[in-house]
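These notes are about the structure you will find just below.
Each chain gets a letter, A, B and so on, in the order its sequence line appears, and its residues count up from 1. As the structure is a prediction and not an experimental result, all values here were calculated from the model.
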There are 2 protein chains.
Amino acid sequence: MSDEMHLKDALDTLKTTGVRITPQRHAILEYLINSMIHPTADDIYKALEDKFPNMSVATVYNNLRVFREVGLVKELTYGDAASRFDFVTNDHYHMICECCGKIVDFHYPGLNEVEQFASHVTGFQVNSHRLEVYGTCPECMAGESKKAL
Amino acid sequence: MSDEMHLKDALDTLKTTGVRITPQRHAILEYLINSMIHPTADDIYKALEDKFPNMSVATVYNNLRVFREVGLVKELTYGDAASRFDFVTNDHYHMICECCGKIVDFHYPGLNEVEQFASHVTGFQVNSHRLEVYGTCPECMAGESKKAL
DNA sequence: TTATTAATTTATAATTGTTACAAATAGTGT
DNA sequence: ACACTATTTGTAACAATTATAAATTAATAA
């Protein structure tokens, strides 16, 4: 699906859930959809400060919360490091470089069995799960080997 | 394996890695091993303030970092909420209640295939992975149903 | 045991991501 | 155009964590 389609769908979702479409929201969504870097709130703030010199950081946070509540955006939390935000398209997991922080998406079929298993074992009602794989990206591995010389 | 054994092993690990065993470190480790609640740094700080009225919060954080670096402890990070610390015994995953925050351990065999798969697909060198399942615990479900009446 | 030395603790200040708040602004329906 | 409510903005507050420097202490060897 194209980015324009995603944006259109997202705006439709907002409309049907009764969330006003402001220029700031439009821009934040657009940036999120086009961005491949899983940006932080601050990334977004900085990226849009040319277009919206007066926009407040609070606006970015507010709207990311709204988008999350409506289900358009997922928040990836990392301790006291800044959260990263991911426009929800299809289900995927994240491969994270421990060296440079890069996040790469990958698809992996059917981990629903884990949810079922966990539910059975713990007695919880299961809603969702989160899987992340940590390692070193090819670029950083190259860098490391250079350092070793 | 018994808790006393875990503590002994942990102290041995510290000794062999050249980390000094201070009373504070001993107490923090002991508390971590006995605790079932995956405590925050503040939980630990509060739990030990009777025994160590002068201990600083920084000490707790410092030592949790040391333990993490030596591999005795895992840090579970959750956005701007406080990190929780988990004494490393055998591998397990966490089932987290979105209602009350309770964390329950469960075992699930072989997710190494995911690591292999991710490595193959992304080209990363894989070190580890993190899986968490989110839902509602039985107690909260009971509470919710009561509320609904 | 004691003296030495480097690691550790402590107290406090600073930092950072995020949220709360109140006032100003801008859409929306009448 | 008017009134009403959602939204934005700017700022202050907050909480978890870390940095810093001075005081203390554990491990080691004489």
Parallel, tilted or perpendicular, as decided by the 30° and 60° cut-offs, for the rings of A:Phe106 and A:Tyr93: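 Taking A:Phe106 first and then A:Tyr93, their aromatic rings sit tilted (interplane angle of 30° to 60°).
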Base, sugar-phosphate alone, or nothing: which one does [X] contact when heavy atoms must sit under 4.0 Å apart?
X: B:Pro23; value: sugar-phosphate
X: A:Thr59; value: base
X: A:Asn62; value: base
X: A:Ser83; value: sugar-phosphate
X: A:Arg65; value: nothing

Ignoring backbone atoms, test whether [X] places a side-chain nitrogen or oxygen under 4.0 Å from the OP1 or OP2 oxygen of [N].
X: B:Gln24; N: D:dT25; result: no
X: B:Thr22; N: C:dT9; result: yes
X: A:Tyr61; N: C:dT19; result: no

What is the distance from [atom1] of [X] to [atom2] of [N], rounded to the nearest Å?
X: A:Asp43; N: C:dG17; atom1: CG; atom2: P; answer: 10 Å
X: B:Lys15; N: C:dA7; atom1: NZ; atom2: P; answer: 19 Å
X: B:Asp42; N: D:dT18; atom1: CG; atom2: C1'; answer: 16 Å
X: A:Glu49; N: D:dG10; atom1: CD; atom2: C1'; answer: 16 Å
X: A:Asn63; N: C:dT19; atom1: CG; atom2: C1'; answer: 14 Å
X: B:Leu14; N: D:dA26; atom1: CG; atom2: P; answer: 15 Å
X: A:Leu64; N: C:dG17; atom1: CG; atom2: P; answer: 15 Å
X: B:Met55; N: C:dA11; atom1: CE; atom2: C1'; answer: 14 Å

First encountered from the 5' end of DNA chain C, between B:Val19 and B:Ala58: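 That would be B:Val19.
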Which distance, rounded to the nearest 0.5 Å, do you find between the CG of A:Asn63 and the CZ of A:Arg68?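 Separation between the atoms: 12.0 Å.
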Could you grab the distance from atom CD of B:Glu132 to atom CD of A:Glu132, nearest 0.5 Å is fine?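 Here the interatomic distance stands at 8.0 Å.
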Side chain of B:Ala82 - closest among C:dT9, D:dT17, C:dT18: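 For B:Ala82, the side-chain atoms sit closest to D:dT17.
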Nearest-neighbour nucleotide for the A:Ser56 side chain, D:dA19, D:dG10, D:dA27 considered: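 Nucleotide nearest to A:Ser56's side chain: D:dG10.
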Heavy-atom neighbours of B:Asp91 CG exceed 12 at 6.0 Å: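 Counting neighbours around CG of B:Asp91, 12 or fewer heavy atoms of other residues, nucleotides or ligands fall under 6.0 Å, so no.
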Between A:Asn112 and A:His129, does any side-chain donor sit less than 3.5 Å from a side-chain acceptor?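 Side chains of A:Asn112 and A:His129: no pair found under 3.5 Å.
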Closest-nucleotide mapping onto DNA chain D: is A:Asn54 or A:Arg20 further toward the 5' terminus? I mean the 5' end.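 Taking each residue's closest nucleotide, the earlier one in sequence belongs to A:Arg20.
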